[in-house]
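The next block holds one structure in the form of structure tokens; read it before the comments.
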Amino acid sequence: MRVIDRRSDPVAFRAELREWLGRVVPPCWQERMTDASDEDFSRFQRWWLAELDAQGLATAHWPVEWGGEELTIQEQVIIFEELARAKAPDLVMFTISLNHVPGTLAKWGTKEQIDRYIPGVRNGEVWCQGFSEPGAGSDLASLRTRAVRDGDRYIVNGQKVWSSYGAYADYYLLLARTDPDAPKHKGISCFIMDLKAPGVEVRPIRQMNGMNEFCEVFLDDVEIPAGNLIGPENEGWAVAQSTLSTERGLLIFALCERMNILFEEQFASPDAARWMEDDQLRREMMTCYADMQAVRGLIHSMLADHNASEFPPIVKILYGETLQRFSEMWTRIDGLDAMVERPTFISSGYAKGNWMVDYLTSWTWTISGGSNEILRNVIAERQLGLPREPSAR
Amino acid sequence: MDDQELIDSLAESVGAVLANNFSIEEVLKFTNVGGELDAEIKRRACELGWLGIAAPESLGGGGLGIEALVPIYCELGEHLSSLPFIGQQLCIDALVACAFEQDGRLAALVEGAAWGAVAPELSFDSAGIGRDGALEADDIPVFDDDHDSHLLLFGREADGEPVALMLDIRQAERRAVAFHDHTRRLRMLAPGGLPVTRECRLASGDAAIALQTRLGDHLALALAADSVGGCRAVLARTIDYLKTREQFGRAIGSFQALKHRAATMKLELETAASLLRVATACFGKNAKSSALASLAKARACDVYVKLSGEAIQLHGGIGFTRECPVHLHLKRAKLNQALCGGDRASIDRAANLLVGRAA
């Protein structure tokens with residue numbers, strides 16, 4: 001019997017999950033993954049995907065006809081709470097594969113695309129996202145990578161950037177301009193692209209936190225079969241919106257649960273005196289704790305009510321800023337000791353107690369996936385109804 | 001030329017040498033790829049007479065005071081320099097303050113034949129002297145590059161009497177420690193066991209306490225100046241980016257929300273710079289001037305951290321890469337903030353001094 005088969009009884013499901021995680025999560029996987037080679041990291045991620053899949057957990061949120069279980073949000077919450085509690089590895093390498101690809105194809109994919117690509121995801125094929133460009137960040141719609149139709153294929157030229165885990169990826173969710181004469185949102189199409197195709201060059205970017213999971217991708221006359229167009233030609237902007245809207249919610253919930261556990265550990269630690277006996281730190285610590293509980297509350301409301309569409313930008317801003325303040329505060333608690341470089345492992349940007357690295361990594365949350373500046377515009381203009389920037393096009 | 005003009009032209013010439021030969025782009029290459037940049041800047045500093053600016057004229061020095069050093073600390077911070085200038089100047093200041101003007105060590109430090117390091121905590125609890133006359137101390141992080149010959153350290157005699165020491169550390173064991181700040185060389189020095197001879201003792205009792213206060217203030221001002229310089233660089237780079245980076249068909253700096261953030265950065269920089277000037281002007285006078293030095297240090301480091309963080313955010317993704325030097329500033333800022341016991345210790349020192357309480 002698989003763990004997922006207990007799902008009908010939430011209490012038994014949670015207990016079974018906890019027992020299984022206690023058994024299967026390697027006790028020192030974090031040490032093993034610290035400074036691991038690309039091969040070790042990739043092998044470990046694949047092993048963990050296979051373990052979760054064998055228990056029906058990896059794709060439990062998928063539709064039944066894709067081999068998923070159509071779990072309710074409440075059931076998924078149980079899974080993420082237990083994963084956080086067990087300090088289990090997170091499937092960072094498969095974030096796009098397991099969430100964004102099915103999210104996009106469910107709404108826009110053809111039957112052929114779904115049959116061709118969805119089973120591969122379960123078997124560990126890695127996808128990454130090719131949206132941003134050096135000249136198109138916050139202003140994503142100004143992207144300039146060109147896809148030109150040539151019979152039954154498209155020829156693509158351009159440069160993409162910030163493709164997370166691009167160095168490990170097999171496939172690419174690509175946005176490219178198919179009509180250069182249309183208004184900028186109307187000339188974009190979305191494609192499935194084989195990252196191993198001729199003309200593709202992937203270069204990891206060395207980051208300030210010592211990692212290099214973000215990549216630049218250079219596209220030089222890359223051929224894409226016309227059948228790999230997702231949705232109608234020139235409707236790529238709408239397709240991308242469904243891709244991006246799968247990004248928040250449960251993923252950020254999982255990170256928040258990990259942060260919550262870190263707090264609980266600090267409260268129980270004999271080391272608590274370090275901040276508890278300093279008036280300023282004690283109060284800062286409590287302010288961070290309150291912020292984090294507020295974010296958790298917002299996420300719960302968001303998960304409970306899918307129509308509460310105003311929450312995602314709020315949650316993303318608050319999580320990133322809370323993480324930044326929290327990790328920064330800890331660099332001050334640890335003082336000079338926090339300034340010593342210690343190796344770390346790749347994760348999806350939750351606090352791990354390597355405070356300076358956590359602090360540096362927190363900018364991935366405040367900059368990427370819609371910078372906090374862009375999200376504040378979204379809140380001001382779309383939620384509060386304030387007028388748009390005077391000459392923003 | 002009056003003193004102020006002299007000081008201004010000195011700082012300007014230091015800035016020009018750094019900009020021309022030791023630019024941030026060179027520093028970036030040095031931190032990413034390695035090279036001889038740190039040895040080269042030391043050679044140039046000796047050659048150009050920077051080391052003796054505050055030393056007595058009888059030794060070929062400039063005879064100027066802290067007000068001449070602070071603008072140079074600013075320049076070094078602005079260019080993320082690896083030059084271990086602060087330790088050198090604290091050692092020179094200590095020898096001059098203790099009237100060791102005839103001491104060969106002073107001449108060597110002024111010429112750059114010797115290099116001085118300082119234990120950044122400047123606490124009498126950092127070290128003790130055993131009955132056998134050997135030093136008892138934990139390992140100390142120092143800006144040091146293996147060639148340093150002197151360590152300035154505070155400690156206690158076997159009977160508890162405060163003492164200021166300058167130790168010969170050529171034989172001391174040291175190990176490289178990787179700090180996040182790659183722009184400077186920090187090493188863990190193990191001075192424990194070194195013999196403490198008569199000439200190692202610069203001052204004892206009240207004189208040692210007075211020297212500790214003086215050097216504490218000097219170090220605070222030096223780190224404040226390094227940070228203010230860093231703020232200048234980080235703001236200039238950010239403004240440049242806001243002017244040239246275009247999104248939505250216009251320079252991102254034309255969006256009012258970002259313009260206001262840049263203006264706030266400017267306000268914070270000017271506040272920190274002003275506090276630094278005020279504290280520098282009254283250096284060495286009384287408890288209030290010591291308090292101001294500590295407050296200037298705390299504020300400048302906080303502002304440096306904040307401005308570097310803002311700079312990363314305003315640069316967006318490019319600010320997150322190792323190729324963009326802004327992260328070097330953030331890491332240097334965090335280290336500056338952690339030195340001298342950290343942000344809270346500096347502010348508490350000021351409060352205790354102003355209220356007249358023993359720390």
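Proteins come first, then strands; the chains are lettered A, B, ... in the order of their sequence lines, and each starts at number 1.
The residue among Ala338(A), Ala136(A), Gly135(A) with the most heavy atom pairs within less than 4.5 Å of chain B is Gly135(A). For chain B, the option among Asp337(A), Asn212(A), Leu281(A) with the highest count of heavy-atom pairs below 4.5 Å is Leu281(A).
The heavy-atom pair separating Leu336(A) from Pro141(B) by the smallest distance is CD2-CG, 3.5 Å. When all heavy atoms of Asn372(A) and Gln313(B) are compared, the closest pair comes out as N-NE2, 4.1 Å. Phe320(B) and Thr364(A) get closest at one heavy-atom pair: CZ-CG2, 3.3 Å. Of all heavy-atom pairs spanning Trp162(A) and Ile318(B), the tightest one is CZ2-N, 3.5 Å. Residue Arg344(B) comes nearest to Asp278(A) through the heavy atom pair NE-OD2, 2.8 Å, listed as atom of the first residue, atom of the second, then distance. The shortest heavy-atom contact between Ala338(B) and Met339(A) is CB-CG, 4.1 Å.
The distance from atom CD of Gln247(B) to atom CD1 of Ile374(A), rounded to the nearest 0.5 Å, is 8.0 Å. Note: Met211(A) CE to Arg322(B) CZ = 11.5 Å, rounded to the nearest 0.5 Å. Taking CG of Asp348(B) as the start and CG of Asp279(A) as the end, the distance is 9.5 Å to the nearest 0.5 Å.
Neither the backbone nor the side chain of Ser368(A) comes within contact range of chain B; no heavy atoms are under 4.5 Å apart. Looking at Ala178(B), the atoms closer than 4.5 Å to chain A (heavy atoms on both sides) sit in the backbone and in the side chain alike. Using a 4.5 Å cut-off between heavy atoms, Gln280(A) touches chain B through its side chain atoms alone. Contact of Gln324(A) with chain B is not made at all, since no heavy-atom distance falls under 4.5 Å. Using a 4.5 Å cut-off between heavy atoms, Leu186(B) does not touch chain A at all.
Here the side chains of Ile312(B) and Leu360(A) are not in contact, with every heavy-atom distance at 4.5 Å or above. Contact annotation: the side chain of Lys334(B) approaches that of Arg332(A) to within less than 4.5 Å [non-hydrogen atoms, C-beta and beyond]. For the pair Phe255(B)/Asn377(A), no side-chain contact is recorded, criterion being any heavy-atom separation below 4.5 Å from C-beta on. For the pair Asn209(A) and His327(B), the minimum side-chain heavy-atom distance is 4.5 Å or more.
Residue pairs meeting the salt bridge (Lys or Arg N to Asp or Glu O under 4.0 Å) criterion with at least one member in residues 358-374 of chain A, sequence neighbours excluded, are Glu373(A)-Arg261(B).
For Arg382(A), the CZ atom sits in a loose shell: 12 or fewer heavy atoms of surrounding residues, nucleotides or ligands are nearer than 6.0 Å. The number of heavy-atom neighbours closer than 6.0 Å to CD of Gln383(A), taken from other residues, nucleotides and ligands shown, is above 12.
Under the 3.5 Å distance criterion, the side-chain polar atoms of Lys331(B) are matched with a main-chain donor or acceptor of Met208(A).
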